[in-house]
Structure formats: structure tokens, C-alpha cells
*Asks:* 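Got a structure here, written out as C-alpha cells. Questions coming.
Labels below follow one simple rule: chain letters A, B, ... track the order of the sequence lines, proteins then strands, and each chain is numbered from 1. Note: hydrogens, waters and symmetry copies are ignored here, and every other heavy atom, side chains too, is used.
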Amino acid sequence: MADEGGDGDKLVAQPPTDLGKSLRCCVPCRLVKTFEQFYEQGCENCPFLEMEGDRERVFDCTTSEFKGMVSVVDPTSSWCAKWLHLRKAVPGCYALSVSAELPQHIEDILDNRGIKWRQPDM
Amino acid sequence: MGRGGAGSDDEFVGEEEEGLQDSEEVSEEEDDVGRHRKKTTKKKRGKGFIDDAAEEDDDGGRGRKRLRASAFIDDIAEVDDDEDEDDYEEEGMDDLIDDAGEELPSAAEMIKMRREMREAELAAARDSEPNPEELEKYIKERFGGRSYAQHYGTADDEEGGNRAVGQQALMPTNADAKLWVVRCGEGQEREAVVCLLQKCYDLGRRGTPLLIKAVFCQDHLKGYIYVEAFKEAHVKEALRGLRMIYGSKPPQLVPLKEMVDAIRVMRGAEKNIEAGSWVRVKGGLYKGDLAKVIDTDPSTQRGTIKLVPRIDLAAMAARKPEDARSNFGKQPKVKPQARPFNPDEARAHRLDVIQQRDRATGDVYLILNGNHRFLEGYIVRTVALKGLELQEQLPPLDELQKFNAASQSDEGGAGAGGGDLAGLVQAEAGGEGAAAAAAAAKFEKGNTVLVIDGDLKNIRGIVQHIAEDGGVMVMPQDANLPDFTDVIRFEPREVSKFFESGEHVKVMHGQHDGETGMVVRVEGPVCTIFTDATQQEIRVFARDLTHAVATASATDSLGGYEMHDLVVLDNTTVGVVVNVEADALRVLTNQGRPDKPDIRMCRLPDIKRKMDNRRASVRDGGGNDVGVGDAVDVVDGPLKGRSGTVRYIMRGFVFVQTREVAENAGFICLQARHTKVRGGKTSRPSAVGMTPGRSPAYGLLASPHPSRGGPSNVMASPGRQGGFGGGPGGGPQGAGVYSGRVSTQQDKMLEGRTITIKKGPHRGMRGRIISATATHVRLELEAQMKTVTVDRSHLSLEDGGRNEAAPRPGYGDPSAGMPMAAGGRTPMHPGIHATPAHYSSHSTPMHPGMTPGRDALTKTPAYDPAWAATPAHPGFGSGGGYPNAGTPAFADTPGTVNPSPGGMGYGAGPYGVAPSPAGYAPSPAGYAPSPAGYPAAAGTPAVAGTPGIFPHASTPGMYAAAGTPGMYGGGDMAAPTPGGAGYGGAGGPPAAQYQHWVDVEVMLPGGERAAVRSVEGPSATVAIGREEGERRWWYGDDAPTRSVPVGDLQLVQPDRKDQIRITSGELAGEYGELVGTDGGDGIVKLASDIKILPLADIGRLAMQPPAGGAFKRTQELIAK
């Protein structure tokens, strides 16, 4: 939140504040933050997951099982972001690969609301 | 950023200990954890982020920055302190208003939206009706009309809909930014990635953004991160000041085509430990123990495992409570035995055992002393996955059994799943996901399989091949399906290998890998096998077996070494292969004692070579000769009373195979004098070298007289053999190769030098090097009348000691210049080279200056053949007995570096005394001529005349003359030996021998056939034959003749019914017909009677009678 807006109107995701076991990765967009950050700020790319203030939801929608980390500074011009399908994501720290999927009940909720998300299959 | 970890570590310990509590507790605890983490986080930020920010601030823009930084923190801090979620928004807002007014609107808006969204969701949940319109509206409002699906650039991405194609289109181009790889501190890759992002944000906010595009690290690539940027300067700029980046190495550009590889994550490359996996514990008390994974928690990288407890209840009970703390974490000195946990026993020790039911799983755990958890006799632990080693295949049966036993012995049949062994195995093979799949049997073509699942269950068949996708193609062969001839495809899990009792099988996997044996029992998936090698019963899974074509002893070989082979390990060590394992041989060496055999695991490089000394012989305790194959009784030592068959004889040791010992394939190694040969062989006179009857290979590697207690740890030197009066043994190839190989050219250079021993028991002593190998040096001590073997590393090599004054051998020169001098060809002068005895005298340590042999040999290779030829002289081995006698080395031209092992052996002789001078050094007088003889020998080529040498030369002749060469001759002589033949008559006029070669068909070095017309002294006139086909050559009167050195002549082996002439021996000169052959002997029909002679003494006549008819000349000759 604090970083939100940045200097101009650009939305960015906070870098993870810790690198320990609390690191989690948003399943749909692969954004990496700590559990607490997700809890407090939700996911900048996936507000529809509504993780803010909802521990259970954070647990459901994020995973600690991810591989590699990439800091995308400039998503629009970075090849890495392009390759990882993060062109339209906010700048931030992402995982290179996630194998987890959203739990079925979350999928159902999203379906019901007509939100289609698709995990970039990397 | 790794700071603050201590706090969270504590939590995890806590979690682990309380992990059994039910879910409510867990969630409570979670809250605790959360709180805890908040604190951690706060502290963290205070340290990490602010400091960083402050640091940057120093560069300028202080005021604004500071404000923001503190706003950032305070925001979090407020939230942290706040327990009540409901107050969250307002407080947060207040905070923001206070500290960072300009950000308020967006934050407030955000919160408002969130609330709206939550309300919308609640509403939706209430009437269970989605409200897409509202949501849509919200989304549009918030994100300017973008849909979430687009957010990740997939479905209607600009790159196209098809994903495969789409990804392809994303390949990097020259227009893209480049990738640079940068060295970074190991374990700090992620930190670097995060710090760089933070730095980018910070600097970007200040208006001087870093120009890098992205930074990433791969988990598997330790110590490197990748930075994406257009210019290297941008990368350097970004990395400047980062403490985890090593500045020493500049960023390296990743080539365009490697960029994808750099960023791609290998998925599923490594197998993961998961529930049901078999693992081994890597460290600690349970190191190496088998454990089964019950559960894993990927988020914490910890897993719960069960294993057979190693708990010493008695010790635990004895420990005082106050000690418990101080002793905490320490391992007992002695590893307690792995035993299933028995609560009654624990209670008997007055230890506290309570029961607890896990609400989630319903399992009943026993808790010992509040900190050990047990389930069905196993101890249950939660450990870091890193400390576990995944077993990709099913563990070996014996371990599984032990593991399973723990459950079986559990009280009250709690181990319902334990079942019997077969059940366990079935369970293992039947399911449990990846663990079982990983343990699937490997089928091979030809395996007999039994279908264990599906419609065709219990059908037998033979595997035809394995499909690429892993399917097993089976041809049914079953009485139930007599006319079924189609190959059926099965999944590997549907079939199992099938063996019947009596089948000969080989173990493919596990502890017994490589062993072969016979199936004696089949119990479901487990076969009991009686092994060939160790003669034990082992139990193995059928899936780990395959058919073995032959027995282990015949086929089980590794790198050319087979079971029961005699192999050389180093200079002083030989041994018998008693087991062949996957990549090593188990060797019983001669270095052990009978009660404590020395068994070594030898990998191939440890083994120098194989030996074959079947003809060796040794004296037993009673002075009898013991040969290979003799039955002996052990009369002394710890093994007294056993009996067995002598398999090998080596250096006074015998390797005896006995049925009375089960281990080491029944082999025992003991000193020959502790044995007594069965059947009371007559005691022979103990005169040196007077035992020709059975020991042509007398001096193989060994001291021929172990029974006399002489220094026996030496290899025979040729000189020694000579010294024995040309005793019975021309060393078979073995000895020669051996000594020849271990002493290299360079090592020879050391010989004669005086050096000081730096280390070891002989430290400080000086000595003269007699011989050297790559690893050891034998030297004669100056201070003591002793020769010792010293590790090379124990020496300091002095330069002054080298005795270059060693006369440049008058010996070598003449021979080099005069090839004819080669002993093999100059029977006229047998004394010259045929008497290694005097060579040995040259190398006598006492007379370093008198070692021309060494230099001569190193400097004049032409000399070698001469040596090479030497052993051929029957003087030492009665010719026929010399296995290599027939090799071309003896007949070849000077200057060839002999290819024959035997030759080499001899070549090695003079300097090859190398490995074994001790043998004669202590007792030079025993065989060497008197010192007076040396100068003469060394200085003059006319050594032949020197008394004291000549006798040796002629000794063999005496044998030959006296004897029946066949006695030692026979055996496995490979080919006729002209050298041998020539020498056989050394007692008489040497050249005379060749005179009997007249009319005989010979082979010339060039491969031509020729008939010997006449022999004059050292050369023979031969008529070159014209081939007439079918082993027939025509030697007409007009055939071209040639004069050839007799040494070049080689007899042609006669066939049955061939007309022959006896070329040496008592009957030399007689004509006859070869009636038949028997091993190395020929049965010859002479004019008067039938004799059995060594084939080496028989020459095929050049003019054979035409088939069916008698040839006139032959007839005439026979008539003579």
C-alpha cells in the first residue's frame, strides 16, 4: 500500500520483506511476497482474490512451492517479463515457476463471478 | 534480508513439538505465529529497509524520502500493533494522513474498494448468486477496463492465442534487452534479486531509475544471478554497492540462444520426497537408517518420518532430570540398537509414557517423556527434508524386513498394516503412488513374468521387448492359453517377474547386487537363493532378479577378473578373488593371518594384473613339494585340522580352498609350512634347484624356499634362478611381466643412488637404492646389513649419491654391436648371455660400480632381445618347460623391443632385480660367483670363459643330458622352441643340436617356410619352400637357398602322421613318424619303438610323403 502509486501513478508490488519460509507466491500471477504482505496488501495483480485481511484466503491462493525468483523492474520492455507472460503485471518480485493450482473452491468462486484467470504455464 | 530469522526458527521448533495437536490448536498457534512474524517483520524493516533507504537518502532528496520511509514503517507498525481487524482501516488511514498526506487518496480509495468488494462477495455468498455486473463494474473502474484474463497476457495476448506458438514467438531477439550473468554470494541469490528490486524502486522514486529490466535467479544455480539490461554499464550501475555481489568478476553476457535455457525452470527434474517414499537419514543418531515418510510439508521443507527407534531406555531412565538439559542434543557414544518401541518396557524403566490420539488421522501415538512420539513401534519424527536421502528404488529386502518387523512386534496387533512380509511387499508394489512407481521392477527381454493384475491375471509369459513408453510386451506361454501367439502389452505394474525353484538367477539390485545363485524357494515376491559364491541363502525380491546364464564363478567377472582368480595388488601382495561385486572385487590377500584374513575390496585400478602360476610349487612343513591341486592338511596355526585343495602358491603362501570354511568362497591363505601335503609324497633332497620334477615355474614371484625361512618376500630375480644352477624354472611369463611393469624407466635412474630416509622407522638412515618402483624403493642401508623397502615419500633424494661412474658396460657394447651375440642364437657362446647369474652379481649391492647391466639395458635397447632370449635357454627351464619359448621374441631380430612377456621378464631381470633384491642380497654367496669374478665379468665380454659362470651355463645342459626333457618339458608348451631345443644339448657341443635340424621344416621370421639343408656353426642354410597348398610346401632341389642364423629358425609343429625328425634330446637326430599328440607331448614312432617326446623336440620333415604313399627319401632315412 505504501508503495502504491509510487512517484507517479504507477502501481508496483512491494518486494518481499523477508526471504525465509514465510515467502509465498500468488498462484495465478506468481507474485512473490511474504505471507504478511499478502495478508496486508493482497496481490497487486489479482485483487479479485481478495486476500487482504483473510488469512485463509491467502493460504489458499498462494503457495510456498515455487522455483526461482525474478524481479521484474520494467514489465513492458523486459524480455524476461515477456517470456514469463508478465508484460501486464505490475513490477515486483515473481516466481519463475509455480506448479500449484488454485483450490477448487476458489476456482468456483471466481467462475461464479465470471473471472477467468489462467495460469501462465511456465 | 535473512535477518530476523531467529524468531521464526523458534516458531518452527515450537510447531514441530506441538505438531500433534489438533487443528484448533494449530490455528490458534498460527495466530501466534502471525503475531510473532509481525514483530519479526517490523524489526526487519526497521533494520533492513530503513537503513537502505536512509543510505540512499544521503545522496540527496533527504526530506521527502525520509518522510516516505517512515510512513512506510509506521503504517506497518500500526497494523502490527493492531489486533483487531475492524479497527484496521481507520487506524491505517489516520496514520497515512498523518505521515504521508499525498498518498491518502489512493490508499483510502483502495480500502474503500476493498470493502466494497468484500460486501459484494458477502452479498453474493448470501443469496448464492454471483453478481458479475457489479464486479465487472468494479473491475473496470479499478483497472480501466482491462480484464483479468488479459492481465497475464495469455488468452488474447498480443503474442497470439496458441500457447505453444505463442511461447515460441517470445524467443529473445536482438531487439530485446540482453541477459547478463553475475557472480553473487552463494545462498544470497534471492536476496540480491529482492534488493535490486528495492533499489530500483527507491532510485526510480528519486527520479534516477536504474535501467535494468529484470533480475532473476534460479534455485539450482548457486552463486549466480541474471540481470536483464540493454547495456553492461546498466548492470554494473545497478549492482554497485550491493554487498552480496562480488565485484571481482564483470557481468558476462548470456548468448542470445542461451537466454531461454537460463530462464527456463526444469520441472520435475529431481524426484521429490513425498508421503510413502523410502528415505535414509543423512546424519545424526539415525544416520543411514531406513525411514518411511508419513507426510511432508513443502512450505517448511520438513517431513514426518517413521523409523525404527534407537533409544536406550535404560540409559534414559538412569539419566537424572538435571542432566537431561546439559546432555541435550548429545548423541550417546554407542549407537543404541534399533529396536521397536515397547511401552511396557519403557514403563518398567519408570519412564513416562502417555497415549495421545491424533484427531486428524485417528492414529494413537505414544509419547515418551513428553518428547518422543511413537506409532506402532516406530518412532515418529519431523525433520528437515534436507536431512533425508530419497531411496529411488525399493530398499533391499533384509532392511525392509527389519523395518517391517518393528511394526509386527508391536503390541495388540496395532500394526494391522504390518501383515506378513509378502503382504508388505505387495503393498509396496501395489500402490502408494510415486514411491512404488519408482520402485517398479526393471524388465528385460527374456524374463519370465507372471501377470498379477487385470483380466489375464496368473498367465505366464516371456517378455519380448519393452515398449518405448515403458509397456512390457509379453508373449503368453501358458497351458491355459495354448494357441495364443500374440504379444500382449502390459503395464509394468501388471506383471511381476517369475522364478521357479532350481532356476539360476542373478541379483540385479540391492545389497547382493551381482551375486548369482540358485532359487531354492519362492514365497510370493520373495525368492530365497543359494548363492554360488558365498554358499549362503539370501532372500531377495523376485523383481531384483534376472536369469543368469552361468554360474558366478564362470561368468561373474569384472574387468577380466573372475572369481577365484589370483591377482596381483602390489609388489608384495597377491590375492584370490573371492567375490565379484558391482564395481569391486573382494580379494583375500596373502597379507593377513589365518585367523584374521586380510580381505580387501579392490576396484579395478587397485589390481595390477591376473596371475597364472598353476605350475608353482612350494615345500610344505615336512619338506614335501606341494603343487597346485594337491590336497593338504593344515598342521599348524589357528586353522589346524582343516584340509583342502591348494589352488595357488605364492611366496611361500598357499591359497587353499576348503569346504570347511564358508566365508571367502572357502579360500584360506596360509603359510606353506603350516600345511602338510596329503598322501605322503616322498621327501626330496633339499638341494637347491633340484626339484625339477614338478616345478618349472619355481621362482615365479616367490622365494623358492619359503620352507627354509629365507627372506621370502621377494620376487624371483632371474639372476637368482641362474644362481640356482639354472634350476627348474624358466620363469613363466608372470614373473617377468610383473617385475618389468613395476619398474619404469625413470625408476631405474634412481638405482644406485644414495639417499637418506626422511620418515618412518628407518628415519635418518642412508642407503643405496637397489630398486625403485612408482611407490616404493628398496634400499640397502649403509649402517646395517639390511635391505629395506621404504615408501618413496619417505625419502629425500640426494643428488650427490648417484653413481655415474658405473662403467659403461663393456658388456652392453659388444652385444649391442654384435647382434649375433644374442644368446638365443649363439649356442656357441652360451656363457655370455645365458648366465644371468653373473648379471645378478653385477647388481649385487655391494658393488654398485659393477652394475653395467642396468645401464647397458637402459641405454642400448638392442641389448634387450639378447636378454629376452636368454630365458629361453633350457638351461633354466629345460626349454620345453618354458611357456613362452615359442614366442617370436626369441627368434626375432635384435633391436626389437621384445613383445614377449617372458622376454620382458628377463629384460627386467638385471634391473628388475628391482623389486626383489633382498632375496639374494643378504646371501650373495649362495649363488653368486665369488667377487673376484665380477670385474672379469663386467669388463670383458669374454665372460664365457670366466669360471664360476660357466658352470652355471652348463648346468642345464647336465640336466638335459641326464634327463628326460619331457619331464619338465611337457605341460602347456605352446610351440616348439628352437631356443629351447638348441639349448637342450648344452652339455654337448652346442651347435650340434642344430645339426639335427637338417631336413626339418622350419619357419623363418618372415613367415616363410623353409627346409634346413645344412647347419654350419651359428648359421644354417635353408631352402625356401614353395607353397603347394594344404600345409604342403615343395622344396625342390632348385629351391632358392639362404643362410640364416640358427636362432631365427623355428620348428613347424608337426601333425599326426607327419614324418618327423627329433631335433633334441637323447634321441636327437632320429627320424620317425608322429603317431599322435598328447598335450605338449608327441607320440613318435621310431624305427624300433614308440617314444613319447615333447613336441618341442620334434621337427616336421620338410619332405612329406604324398598322401597315401611312402616317400622314398623318408623311407630311406627311416631305414638308416
*Asks:* Can you list everything that forms a side-chain contact (heavy atoms from CB on, under 4.5 Å) with B:Asp176? Sequence neighbours excluded, please.
*Replies:* A:Trp79, A:Lys82, B:Pro172, B:Thr173
*Asks:* Is the number of heavy atoms from other residues, nucleotides or ligands within 6.0 Å of CD (A:Glu56) greater than 12?
*Replies:* no
*Asks:* Heavy-atom cut-off 4.5 Å, strictly under: side chain, backbone, both or neither for B:Leu211 against chain A?
*Replies:* neither
*Asks:* For B:Val260, is it the side chain, the backbone, both or neither that has a heavy atom under 4.5 Å from a heavy atom of chain A?
*Replies:* both
*Asks:* Return the option, out of A:Val72, A:Val32, A:Asp111, with the maximum number of heavy-atom pairs under 4.5 Å with chain B.
*Replies:* A:Val72
*Asks:* What part of B:Cys217 is in contact with chain A, defined as an atom under 4.5 angstrom from a non-hydrogen atom: side chain, backbone, both or neither?
*Replies:* both
*Asks:* Any heavy-atom pair between the side chains of A:Phe35 and A:Arg55 that's under 4.5 Å?
*Replies:* yes
*Asks:* Rounded to the nearest 0.5 Å, how far apart are CZ of B:Arg190 and CG of A:Asp18?
*Replies:* 11.5 Å
*Asks:* For A:Phe66, enumerate each residue passing the ring pair (Phe, Tyr, Trp, His ring centres under 6.0 Å) test, keeping only those at least two apart in sequence or located in another chain.
*Replies:* none
*Asks:* So which of A:Asp74, A:Thr63, A:Thr76, A:Val70 has the biggest tally of heavy-atom pairs under 4.5 Å with chain B?
*Replies:* A:Val70
